[in-house]
2 protein chains.
Amino acid sequence: MKFEAITIKDIAKALGLSTSTVSRALRDSYEISPETKERVIEYAKQNNYRPNPIALSLKEKRSSSIGVLVCEIANSFFSQAINGIESVAQEKGYNVIIAQSKEDFEKEVSSIQYLASRSVDGIIFSVSAETSDFSHIQQLYARGMNMVSFDRVVDFPDIHKVSVDNYKAAYEATAHFIKNGFTNIACIANAAFLSITKERVEGYTAALKDHNIKLNPDNIFYCLHGGLNYEEVEQIMSKAMNGKKKPDAILACSDKITTSVMRYCQQEKIDIPSKMGLVGFSNLDLTDLLAPSLTVVRQPAYEMGRIAAELLIKQIESKRPTTAFEDVVIATELHQRASSEKTKTRP
Amino acid sequence: MKFEAITIKDIAKALGLSTSTVSRALRDSYEISPETKERVIEYAKQNNYRPNPIALSLKEKRSSSIGVLVCEIANSFFSQAINGIESVAQEKGYNVIIAQSKEDFEKEVSSIQYLASRSVDGIIFSVSAETSDFSHIQQLYARGMNMVSFDRVVDFPDIHKVSVDNYKAAYEATAHFIKNGFTNIACIANAAFLSITKERVEGYTAALKDHNIKLNPDNIFYCLHGGLNYEEVEQIMSKAMNGKKKPDAILACSDKITTSVMRYCQQEKIDIPSKMGLVGFSNLDLTDLLAPSLTVVRQPAYEMGRIAAELLIKQIESKRPTTAFEDVVIATELHQRASSEKTKTRP
DNA sequence: CTATTTTACGCAAACGATACCGGCATAAAT
DNA sequence: ATTTATGCCGGTATCGTTTGCGTAAAATAG
């Protein structure tokens, strides 16, 4: 079955005009007499005419669509970000095509090529946890694709970037732990390649240093697959808990890692926060209802999505090549709750 | 800036051939000599040629893209469903264009027309909480757009539908409450128009009846805006709690409503489950970590998305008009946890 | 050695919309 | 009366790709 829409040709035939006349009438050209315009517009309205965007795309060499590549849609941070992207796109007349990498390098490469081959006008992307080689992105970018690096940003210079202040976020979370009396704080981060991982680990180590706590390198753990599966975090936790010096607090650097740590602690009957403090990066809106209520670093995902989309569309619609590249860094919010209050036990 | 890809014309010029020959060589036509084929394919590969999908769409009158209309992306149920849709779409060479209604009727109408005007080959839609008039959908459908009604299904007959057994889900949840000693069970449902609301309320009332509990009509509440904002639920809860007979349990019929009820109870110091039992429809994957752990009705969102996408694509690719319409109804899962165990108090 | 078939390719139309170029009226100006 | 101007509209190329049709050269048959 096919959905057949009315075309400019149909209108022309019905009204005994040429397609050019109809086209001009609809675009309100001065070359068309008011009466003809009237006739055409009336007929178009009655028959619910809409210009075929595909034909327009072919002619204009632009598709009015933007691609979004994230590792996972069903993730509160990314779905909120997509929400922001979609809202801007809608305003500016673009549609959003989404693709997921599932934290898999191969799927990221194929997804991004898929987006490019679908003639999107630009791409907002957040690289997968497995991605250490950026050549697929660099190639596409060099060939003129408009791109905005988002959240997990790449390190080449001439590209718009939108991210949060991960260093500060991790620093504050760690300092918060220390202030609350935790001394042996572990950090479970994402894959080591990622910008967010590096920055967060740096913030974590800097906070320790500034508070005269000696860094124990064994307290830093990396999730190669971004904590997508529970087992990854489980292994790390059991390793941490069986080490010489068990940590008394954990900074969990992603949504998935945070919930996995909580689940592990519940299963192993490790009480939070009395036996184990926990601060997690999370964008879920019910972390206050968890047992115990969770201290979280919240990222302004929606806002980030909006900014990324605005930058991308500005770049798409700019006549001249972009020369000034923005590196937008937004602040996170630390929501202090029960999971990081050492003195309190579970209610 | 524009992204310029290599075309069949470029290949033709470079190799001194006509575009038709190149086209046929790439499609492995028997009319082309093996040597020419070899040359063309080699050149195409080296220059990373990809057929322009827009030109193809124009010619084939299909865009290989499907639209998805949901009320909100940043909602665990819908993001998981989109995940399922996207996975099938990817397999079959389609891309997914998403649009949100935000539970707003006007936005739903414009979104769905936007999708149609973007020449999608088909649409998977879940109507907004405000939608009682389906004429915008019916018109589009009558004009030949391929459509699959999803989750919140419409009631016209000749259309594919994918939903869960809401009646049974609500029946089981209510029966579970009764078995656990709750007697005055309230039901906070979505907007009254919605299929899911009707079915869930029916299941709820049937369970009461079958267990010889007299239905109190004041125990049924509707959220006009789908519980998108907390205030809506807050008002309902305070009304319920200030009534003559306070309910001792609540069946919350959506993700948002469920968390809002929990939040209300926490703020008002209403202990769950001793003072108030709670079962919620939810697709969040950390409801077991809530305080107390939450008894939920879980919907197989991913699977539903996959089935809807498969039905839609089958319909799109079918030569003949569809005559047999599927009404797929999938079972939900009731995860029994602490929030519905009257005897237990909060740990 | 001619007649016919086969091979291998090019030409051009088509999809829907736009835009440049041109043309035909009528009216005004010379 | 002829030119010029102007209002109004049509023809056609274009975007990238596919495909039916035409055709030259080569291969085969008679």
Side-chain angles (χ1 to χ4, degrees), chain A residues 2-41 43-44 47-65 93 116-121 143-144, chain B residues 2-41 43-44 47-65 93 116-121 143-144:
Chain A
K2 232 170 265 182
F3 178 74
E4 305 271 2
I6 183 174
T7 74
I8 223 169
K9 238 182 216 173
D10 300 326
I11 301 179
K13 201 176 289 175
L15 265 47
L17 293 167
S18 76
T19 58
S20 13
T21 305
V22 174
S23 172
R24 270 180 288 229
L26 291 170
R27 319 195 90 241
D28 200 28
S29 161
Y30 68 97
E31 288 187 283
I32 306 299
S33 72
E35 305 86 61
T36 310
K37 265 185 203 172
E38 176 77 20
R39 281 210 305 151
V40 170
I41 290 167
Y43 189 91
N47 293 76
N48 198 20
Y49 167 79
R50 303 207 182 273
N52 183 329
I54 292 181
L56 241 48
S57 296
L58 184 60
K59 195 145 177 46
E60 306 291 329
K61 299 214 183 199
R62 50 197 302 283
S63 60
S64 290
S65 64
S117 80
R118 299 303 301 188
S119 304
V120 293
D121 295 338
R143 281 170 55 208
Chain B
K2 232 169 265 182
F3 177 75
E4 305 271 2
I6 183 174
T7 74
I8 224 169
K9 240 181 213 172
D10 301 326
I11 301 179
K13 199 177 288 173
L15 266 46
L17 294 166
S18 75
T19 58
S20 23
T21 305
V22 174
S23 171
R24 270 181 281 238
L26 291 170
R27 319 195 92 240
D28 201 27
S29 160
Y30 68 96
E31 287 188 283
I32 306 298
S33 72
E35 305 88 62
T36 309
K37 267 185 202 170
E38 175 77 19
R39 280 210 305 152
V40 171
I41 290 167
Y43 189 90
N47 292 73
N48 199 22
Y49 167 79
R50 301 204 185 274
N52 183 326
I54 293 181
L56 271 160
S57 297
L58 183 59
K59 200 148 178 44
E60 306 292 327
K61 300 213 185 199
R62 49 199 298 284
S63 61
S64 290
S65 65
S117 80
R118 298 304 303 189
S119 303
V120 293
D121 295 339
R143 280 172 55 209

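Naming convention: chains lettered A, B, ... in sequence-line order (proteins, then strands); numbering from 1 in each chain. All values reported here derive from a predicted model rather than from experimental measurement.
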Closest non-hydrogen atom pair, A/Ala25 against A/Ile41 = O-CD1, 4.0 Å
Rounded distance in Å - CD (A/Glu35) to C1' (D/dC9) = 13 Å
What nucleic acid atoms does A/Ser33 come within less than 4.0 Å of, heavy atoms only: base, sugar-phosphate, or nothing?
-> sugar-phosphate
Is any side-chain N or O of B/Lys59 under 3.5 Å from a base N or O of C/dA14, one able to act as donor and the other as acceptor?
-> yes
When the distance from NZ of B/Lys9 to P of D/dT17 is rounded to whole Å, what number comes out?
-> 9 Å
Residues A/Arg118 and B/Gly93: closest non-hydrogen pair is NH1-O, 4.3 Å
Rounded to whole angstrom units, what separation is found between the CD1 atom of B/Ile6 and the C1' atom of D/dT17?
-> 14 Å
To the nearest Å, how far apart are A/Arg62 CZ and D/dG16 P?
-> 16 Å
Indicate yes or no: at least one non-hydrogen side-chain atom of B/Asp10 is less than 4.5 angstrom from one of B/Tyr49.
-> no
Phosphate contact (D/dC8 OP1 or OP2) by A/Lys37 side-chain N/O below 4.0 Å = no
Take atom CZ of B/Arg50 and atom P of D/dT17, then tell me their distance rounded to the nearest Å.
-> 13 Å
Taking atom types as modelled and ignoring hydrogens, do the side chains of B/Ser20 and B/Ser23 form a donor-acceptor contact shorter than 3.5 angstrom?
-> no
Rounded to the Å, how far apart are A/Asn52 CG and C/dA14 P?
-> 18 Å
Which comes earlier along DNA chain C counting from the 5' end, the contact point of A/Glu31 or that of A/Pro53, where each point is its nearest nucleotide?
-> A/Pro53
Separation of atom CD1 in A/Ile8 from atom P in C/dC15, rounded to whole Å | 14 Å
If we fit an axis to the first five pairs and another to the last five of the helix from C/dC1-D/dG30 to C/dT30-D/dA1, what angle do they make, to the nearest 10°?
-> 70°
Take A/Thr36 and A/Thr19, find for each the nucleotide of DNA chain D with the closest heavy atom, and name the residue whose nucleotide sits nearer the 5' end.
-> A/Thr36
Taken to the nearest 0.5 Å, the spacing of A/Arg24 CZ from A/Thr19 OG1 works out to 8.5 Å
Check whether the side chain of A/Ser20 and the base of D/dC9 form a donor-acceptor pair under 3.5 Å.
-> no
Would you mind classifying the nucleic acid contact of B/Leu17 as base, sugar-phosphate or nothing, using non-hydrogen atoms under 4.0 angstrom?
-> sugar-phosphate
Using modelled atom types only, decide if a donor and an acceptor are shared between the side chain of B/Asp121 and the backbone of B/Ser64 within a distance under 3.5 Å.
-> yes
Testing C/dA17, D/dT18, D/dT17 for proximity to the side chain of B/Glu60, the answer is D/dT18
Under-4.0 Å side-chain N/O to phosphate OP1/OP2 contact, B/Tyr30 with C/dC9 = no
Do A/Ser33 and A/Glu38 touch side chain to side chain, with heavy atoms closer than 4.5 Å?
-> no
For A/Ile54 and B/Ser119, which heavy atoms make the closest approach, and how far apart are they?
-> CD1-CB, 3.6 Å
Does B/Ser18 put a side-chain nitrogen or oxygen below 4.0 Å from OP1 or OP2 of C/dG10?
-> yes
Closer than 4.0 Å, any side-chain N/O of A/Arg27 to the OP1 or OP2 of C/dA19?
-> yes
Phosphate contact (C/dA19 OP1 or OP2) by A/Arg24 side-chain N/O below 4.0 Å | no
In terms of side-chain heavy atoms of B/Ile32, which of C/dT18, D/dT18, C/dC9 is nearest?
-> C/dC9
May I have the distance from B/Leu15 (atom CG) to C/dC9 (atom P), rounded to whole angstrom?
-> 11 Å
